[in-house]
There are 2 protein chains.
Amino acid sequence: MIEKSIQAITEPRRRDILHLVRDRELTSSAIASHFDISAPAISQHLKVLEEAGLVVVRRAGTKRFYGLRREGFAELMQYLGSFWDDSLLRLKEAAEEEEKKRRQSDDIHQQ
Amino acid sequence: MIEKSIQAITEPRRRDILHLVRDRELTSSAIASHFDISAPAISQHLKVLEEAGLVVVRRAGTKRFYGLRREGFAELMQYLGSFWDDSLLRLKEAAEEEEKKRRQSDDIHQQ
DNA sequence: TTATTATTTAAGTTGACACTAAATTAAGTG
DNA sequence: CACTTAATTTAGTGTCAACTTAAATAATAA
């Protein structure tokens, strides 16, 4: 799946599509209107994104609404992050430290 | 550059190469020995990675040592992260909050 | 049912890219 | 300089992915 999602985000238009559906669902044709390529081409891109687990479809009548699949992103980001990163690792550690503190204070409150 | 680095990490062998040079420098031939493709093929991959700013070369006699270029990764990760992510955003906020607290306490100490 | 709208699937073309083998460059060493 | 080692560049080939147009599917309305 990771392999597919990495492949998927390589194509610039697919990244543009992901941007478009990031905060709202859009139909295939609404997405297509933002590009100068044909509707079938967009449909094919959406298929790739869907098979990569990065978008999901919701059918409503003749329309199909595409939206971001956050779990897919999370998985991809986790992979890319764990792959090498430094700054991300430091961010994680900082967040975990914060989380630890939070939990400790919760424990105190609960006792 | 971002475009090139995204392109670069799409190829599975190139990600393998990045893994190999992650913690140590390696020569082109040392890298090639890990794969069953020809030396020129590896050389071409290294060129792509270098042009993407993800590896750097250090010449030493007839040998060329390849190593990870962390700034390139940082840039790529930042882009990929800022692109969409949630959990990463939350991590960032937590880290920034932490940073803010740290700075405030520094200010107090400095006065 | 016929027509309309929304979208996908199919078939075929083109260009990009990963590969190979052969030739070339680069930096020593005898 | 000739030779060796390390690696790259060049030229050519095959595969794959993104696009096109045309045909097919899906849901609904007249």
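First the proteins, then the strands, lettered A, B, ... as listed; each starts at 1.
- With C:dT9, D:dA18, C:dT7 as the candidates, the nucleotide lying closest to the side chain of A:Arg64 is C:dT7.
- A side-chain donor-acceptor contact under 3.5 Å links A:Arg69 to the backbone of A:Gly53.
- Atom CZ of A:Phe35 and atom C1' of D:dC19 are 14 Å apart (whole Å).
- Side-chain atoms of A:Gln44 stay outside donor-acceptor range of the base of C:dT7, with no qualifying N/O pair under 3.5 Å.
- For C:dT7, neither phosphate oxygen OP1 nor OP2 lies less than 4.0 angstrom from any side-chain nitrogen or oxygen of A:Ser43.
- Taking side-chain N and O atoms only, B:Ser28 has no distance below 4.0 Å to OP1 or OP2 of D:dA7.
- Residue B:Arg13 places its side chain closer to C:dC19 than to any other of D:dC19, C:dC19, D:dA7.
- Contact annotation: the side chain of A:Phe73 approaches that of A:Leu18 to within less than 4.5 Å [non-hydrogen atoms, C-beta and beyond].
- The separation between B:Lys63 atom NZ and C:dA27 atom C1' is 12 Å, rounded to whole Å.
- Out of C:dA6, D:dC19, C:dT8, the shortest distance to the side chain of A:Ile37 is found at D:dC19.
- Side-chain nitrogen and oxygen atoms of B:Ser38 include at least one within less than 4.0 Å of the OP1 or OP2 phosphate oxygen of C:dT20.
- Comparing B:Tyr66 and A:His45 by the nucleotide of DNA chain D whose heavy atom lies nearest to each, the residue mapping closer to the 5' end is B:Tyr66.
- Residue-to-nucleotide proximity on DNA chain D shows that, of A:Arg59 and A:Pro40, the 5′-proximal contact is made by A:Pro40.
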